Amino acid sequence: MTGDDRRLAAVEDVPAESTLLVTLREGSDEREALLVRLDDGVACWRNYCQHWTDVRLDRGSGARVKGGEIWCQKHAATFDPTTGECTFGPCEGAYLEEVDVEVRDGGVYLADDDYAFVRQGPAEENTDESLTSGGGRIDFTGS
Ligand code: FES
């Protein structure tokens, strides 16, 4: 189980100033994680803020990476992509949850036995939300 079923992406597919969203499986649950470029490779972090854990850092089109930090779009917390530490903001000092990956042969491979690779892109439960991520939530039911 060390072949292509563990290959998350090509290194060159991980953008320099954003992140690449992947979906993993932990037991029977899907979990999102984001890949982020480092000076010497790629890191992988679970895709939720340490301030409000229901807030996704990458909402499907890449998290903001600026000044060498990953930004939360909700209240502007910043995270060190190398260590996962929140360096500024309401959750300063907290750490993102790491997923172990390794880079070889130009690819990023899942090295964490807690997870299996499902797909690039969002988890099933977030595929509809991506349609409304640019604005507020609209209730069409009238209830
Ligand atoms: S939810 Fe991310 S900083 Fe508040």
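Order of appearance sets the numbers: ligands from 1, and atoms from 1 within every ligand. Not measured: the values here are computed from a predicted model.
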With sequence neighbours excluded, tell me which residues meet salt bridge (Lys or Arg N to Asp or Glu O under 4.0 Å) with [X].
{"X": "Glu124", "value": "Arg119"}
{"X": "Asp29", "value": "Arg31"}
{"X": "Glu102", "value": "Arg104"}

For atom 4 (Fe) of ligand 1: protein N/O/S atoms at distances below 2.8 Å: 2
Tyr48 and Glu97: side chain donor to acceptor below 3.5 Å: yes
Heavy atoms from other residues, nucleotides or ligands near CD of Glu17 exceed 12 (cutoff 6.0 Å): no
Under 3.5 Å donor-acceptor, Thr23 side chain and Gly121 backbone: yes
